[in-house]
Amino acid sequence: MHSKEQIGHDEYQNTADWLMSHTKHRPLVAIICGSGLGMLADTLKCQDSFDYSDIPGFPQSTVQGHAGRLVFGELKGKSCVCMQGRFHMYEGHSLLKTTFPIRVFKLMGVETLIVTNAAGSLADGLQPGDIMIIKDHINFLGLVGLNPLCGPNDDKFGPRFPAMSGCYDKGLRSLLMEIAKQMGVADLVQEGVYAMVGGPNFETIAEAKLLHRLGVDAVGMSTAPEVVVATHCGLRVFGLSLITNKVVKSYEDSESVNHEGVLEVGRLRSHTVQQLKNKVQRTAGMSNAMANQQSIDLLFISLLILFLVLVVLIVLCWVFRHFKNRNLTEMRISAGQLPLRMVIRTKPEHAQQFMDHLMDRFIFQEETGPDCEEAFTEEHEQVTSNPSQSQKVIPKKMSQWISMALPPRQARKREMTLNSRSPCTDQSQAEIHALQQQDEPQHALSSCH
Ligand SMILES: O=P(O)(O)O[C@H]1O[C@H](CO)[C@@H](O)[C@H]1O
C-alpha cells in the first residue's frame, strides 16, 4: 500500500517549471506511448527531448520497449509532449509516482491526454493488430483500494470524489471512428472496454474466463490510474489499445503470450496507430480557450448581422413610407384653445375636395379693421416668399387652423399660381361676395378690405 505517500503541489510545480524553462514548447496535448509504441513521437518537428533521469522528480522507466524519454515537438504547428515510456505499478512505483507526469502536464497547460497501450484481447471480434478505442475501463486495482487518489486530496487539482463516468471523451471517440473510415481502416478499429490488472504476470486461464464473463474486451497492466488522475484534474482523455495478442482462455489452447510478441505487433502496426493518433491529436490540439474564443466570435458576428438586418429593415420601411406619402397632400388641422391637432394625408385632388367641403361648412366670425388686412397680406407674403414650404395658406383666421403641404410637383404648380396672383383678386372677391350672400346676416367670412 502506498496511500501514506504524498507528493506536494510544489513538487509537481517544480518539475513543470523546470521543463518550461528548458523548452519553448507549450503543449496542449500530452501522449503516453504504450509498449512498443515509442515511435509515436517520431513525426514530431522541432523536438526537445529529455531523458527521464534528467528531469527533476520524474520516476525512471525500467521496462523494455519504454525508452524513458520525454519528447516535446510540433505536429502541424501545434506543440505536444510525448512520453516515450510509462511507469507501471509492477515496476515498484507507487501509483502516485506512476501518474506523476499527468499533474505536471496539467500545470504546464496541457488540456488533452492521449493514452495508448498494448493489450491482450478477450473479445472474439478483436484480433492481434486490431485497434480498440477505449470506451470505458475497469480499474481492478482501484476496486480494491489501490488508487492514486487515495490519501489527502489536493483540491487545487480536483475534487475529493471525482466522477469517472464518461471519462473517455465521446467526441474524440466518434471522431476517430470517422477518421478510420476515411483512411479505409474501419475494419481494424472498434470500441471496447479495457481492464487494468496489476501484472506483471499475464492472466491465468481462469482469470481470463472471469474477465471475459465480466464484459472486458481487452486487458493490460496500465492506463487506468493515468486516466483517473487526468480526469480528476480536468483533462480531456482519449485512449487507444493496440491488440497485441489474444488472451488464452481455453485449457486446450497451447499458445502463450510473451512481451517480445507484444512489442513485435506494436512495431508492425505502429504506422497505422501513428496516423490515427496524429489525426485525433490535431483536433485535440485546438485549445478550449480557442474553441471558446471561436464561439464568442460567432456570437458577436451573429449579433452584428442581426443589427445590420434591423438597420436595413428600418431604412427600407422609412423609404417605403416616404415613397408612399410622396404624392400625398398633407393637411394639418388644429383647433381649440389648447389646440387639438389632426394630420390628414390624401391625394391632392381629394385634399382639394376636402378643403372645398370644409370651406362650405365653416362659419367665420367677421373681423374687420386694418389689422385683418395686414395679417392677410403678411401671411400671403410669407407663402409667396417661401414657396419651398409648399404651404397653401387658407385666408385669414383659418390659416391658424389649417395648413396644407403639397407634394413636390403640385407644390411647384401652386407656387407658380401664387406668384401670378395678387392678394384679393377679383375672383376671390367674387367668391367671398357670393358666400356673404348665402350666410346669415350676423356671420360673414372675414375678407380683405
Ligand atoms: O500497457 P503498456 O505499457 O502498453 O504495456 C503492456 O505491455 C506489457 C506486457 O507486455 C505490460 O506493461 C502491459 O501493460
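Source: prediction; values computed, not measured. Atoms within a ligand are numbered from 1 in the order they appear, just like the ligands themselves.
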Can you name the atoms of ligand 1, numbered from 1 with element, that are less than 4.0 Å from a heavy atom of [X]?
X	value
Ser222	1 (O), 2 (P), 3 (O), 14 (O)
Gly34	4 (O)
His66	3 (O)
Arg86	1 (O), 2 (P), 3 (O), 4 (O)
Val262	10 (O)

Report the C-alpha distance between Arg236 and Glu111 in whole Å, list the side-chain angles of each, state the deciding distance to 0.1 Å, and finish with yes or no for salt bridge (charged side-chain N to carboxylate O under 4.0 Å, His left out).
CA-CA 6 Å; Arg236 182 163 60 155; Glu111 293 178 349; over 6 Å; no

Which residue holds the protein heavy atom closest to [atom], what is that atom called, and what is the gap in Å?
atom	value
atom 12 (O) of ligand 1	Tyr90 OH, 2.6 Å
atom 13 (C) of ligand 1	Met221 N, 3.9 Å
atom 3 (O) of ligand 1	His88 NE2, 2.8 Å

Below the 3.5 angstrom mark, is there an N/O of Phe202, backbone or side chain, next to an N/O of ligand 1?
no

N or O pair under 3.5 Å between His259 and ligand 1
yes

Could you tell me whether a side-chain N or O of Ser21 sits under 3.5 Å from a main-chain N or O of Asp17, the two making a donor and an acceptor?
yes

Which is it for Phe238 and Leu113 under the side-chain contact (heavy atoms from CB on, under 4.5 Å) test, yes or no, and what are the steps along the way?
CA-CA 6 Å; Phe238 176 74; Leu113 176 71; over 6 Å; no

Which bit of Asn117 is near ligand 1, meaning a heavy atom under 4.0 Å away: side chain, backbone, both or neither?
both

Once rounded to the nearest 0.5 Å, what's the spacing between atom CZ of Phe105 and atom CE of Met83?
5.5 Å

Could you walk me through whether Ser79 and Glu74 pass the side chain to side chain donor-acceptor pair (under 3.5 Å) check?
CA-CA 4 Å; Ser79 285; Glu74 274 181 11; 4.6 Å; no

So Phe157 and Tyr12, would you call those rings parallel, tilted or perpendicular, with 30° and 60° as cut-offs?
perpendicular

Take the angle between the ring planes of Tyr90 and His88 and call it parallel below 30°, perpendicular above 60°, tilted in between.
parallel

For atom 4 (O) of ligand 1, which of the options Ser35, Ala119, Gly199, Ser61 provides the nearest non-hydrogen atom?
Ser35

So, for Met108 and Ala16, which heavy atoms are closest and what is the spacing to 0.1 Å?
CG-CB, 3.8 Å

